Amino acid sequence: AMSLVRRSICSPIKCRSHPNPILLHQYSSLQHPSKQSPRSQDAQHEFSLYFHYPYCNKLCPYCAFNKFQRDRSQNPSDFQLLSAYECSLSKISQSSWYNNEIKGYPPNLRSVFFGGGTPSLGSPKMYEKLIGHILETFGDRTDEINSPDSISDAVERNPTGETLSKSRCANVEISMEMNPTLATPTTLKDMKLAGINRMSIGIQSLRDDDLKFLGREHSGKQALDILERAIKEYDGRVSADLMFGTPSHHKSLDAFVEDSLRPILETGVRHISLYELTIQKGTPFHKLYFHDKAHIMDDEQLASLYEACIELCREYGLYQYEVSNFAASPQDECRHNIAYWQGIDYIGLGPGAHSRLSNNDHTSRMEMVQFAKPEDWHFESTTDSPVHSKMNELVNWGGNSKITPISPKQRLNELVMVALRMPRVGLSLQKLRQHTNDSQASFFNNQYVNYSRIQDLIKEGLLNVVEDSGDLHLRATERGIKVLNGVLNEILLD
Ligand code: SF4
């Protein structure tokens, strides 16, 4: 929780839509978004797909993700992974959830993300086949209406997927995490031809001492070179992912701000993700540094470093759209991550991947976790009989080790926590009503939040309610985002 406060330190947010703050007494007189027709609300029903690639070349000592060192003799091959992913996709496309048996139309695919592990270890051929399969199964149906044969035509015209990436998935963001160690100009090109249209480069730092400390195998120069090439190859649809809080940053903030962040911004990159190094249980770093606080920056240092980063990003035209993320324009924001922060349904496929999705009439929400060991996940995903069909009528694609209903309270907590991370969007009243299945819900009268504290925090200038595009939004103010964790503690009930 503390890290949320740490990462919440920020400077003023540029609001491009210039919404007007409204006063509380005006609140009840506004037309509520629930007055829109249910069809128009549901037409926005979207989902995202996440693919977990579980292998890494070498394991980093700070990493707490579910990952396995690549051992080609024991682990499933790329094409076995592909068959498991494809089996799951077919089952999803036949599920009652996807086919929306209540209303009769399936949700739109919003984004696809290949994460890991190290997904860039996978072969471009595997991704080409997988992306082709995804788009055939879930692609933008507008194309089908205009030209029913557009997918097969595109595949035939260009088996590399280039045509697909340009025509078929123009609106579907397809991102991949790229480790600079494995990236070559050819890999970048091949992944683009396979259909990837956004690259997220795991740079972490440009200083070789930081990279050595983090157990990374690439140099700063290598990372910068790949970033520059990726920006050209992907027409600017690239994120540089950085990590701060290493011993060198502890000695001097400039070790991060001037040595890593500024040269990266100089490349003209249009998206940056900044994460703090956290020492997590179960990692080699936890054993090494848990008792050695000298290696962990204190809160004041972190706050100063974070403010300096925000200032520098702003100097280069990147604004903070989420506590850890910066973009040059709304088109550069990561659509996939926004799905998480906006409570949009997402399905994670792969060992240990999570899914969260609502049933067709939004009356309940489920969390699913897939089997964490690649072999178990592979076996369960490729077997015909659904594993948990009796437990859950919503899903029948199997490969899940656990399916848990999310209680209304957990659901609201999730929605509030993630939505307030986005200072320019905040918590939408329309979403609140949809997710609580309560057409009368407001920011100030529901049983799961401390509504009197919301009113106090509005008076204290930490939260505000603004009207934007016919909807009301509860947002953290510039001051509020700096102490977001405290704000959340105040308003969420145990
Ligand atoms: S490459 Fe990424 S997923 Fe693999 S061990 Fe390092 S941080 Fe973890």
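Keep in mind that this is a model prediction, so the values were computed, not measured. All ligand and atom numbering here is 1-based and tracks the order in the structure. Numbers here are sequence positions counted from 1.
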Would you mind listing which atoms of ligand 1 come within a distance below 4.0 Å of any non-hydrogen atom of [X]?
X: Cys56; answer: 1 (S), 3 (S), 4 (Fe), 5 (S)
X: Gly117; answer: 3 (S)
X: Thr118; answer: 1 (S), 4 (Fe)
X: Cys60; answer: 1 (S), 5 (S), 6 (Fe), 7 (S)
X: Arg216; answer: 1 (S), 6 (Fe), 7 (S)

Can you confirm whether the side chains of Thr184 and Thr187 place a donor and an acceptor under 3.5 Å from each other?
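Yes, side-chain donor-acceptor contact under 3.5 Å.
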Side-chain H-bond candidate by donor/acceptor type, Asp332 with Ser329, under 3.5 Å:
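A pair is found: one side chain offers a donor N or O, the other an acceptor, under 3.5 Å apart.
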Are His249 and Phe256 close enough that their ring centers fall under 6.0 Å?
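They qualify: ring centres under 6.0 Å apart.
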Test of ring centre spacing under 6.0 Å for Tyr340 and Tyr346
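Yes: the rings meet the under 6.0 Å criterion.
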For Phe285 and Phe213, take the angle between the two ring planes, folded into 0 to 90°, and tell me which bin it lands in: parallel under 30, tilted 30 to 60, perpendicular over 60.
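The arrangement is tilted - the two ring planes meet at 30° to 60°.
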Parallel, tilted or perpendicular: ring planes of Phe138 versus Phe47, cut at 30 and 60 degrees
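Geometry flag for Phe47 against Phe138: perpendicular rings.
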Please confirm if an N, O or S atom belonging to Cys63, backbone or side chain, lies less than 2.8 Å from atom 6 (Fe) of ligand 1.
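No.
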Please confirm whether Glu177 approaches ligand 1 to less than 4.0 Å, judged on its heavy atoms.
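Distance cut 4.0 Å: Glu177 fails for ligand 1.
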Residue and atom name of the nearest protein heavy atom (relative to atom 7 (S) of ligand 1), distance in Å to one decimal
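Residue, atom and distance for the closest contact: Tyr62 OH, 3.6 Å.
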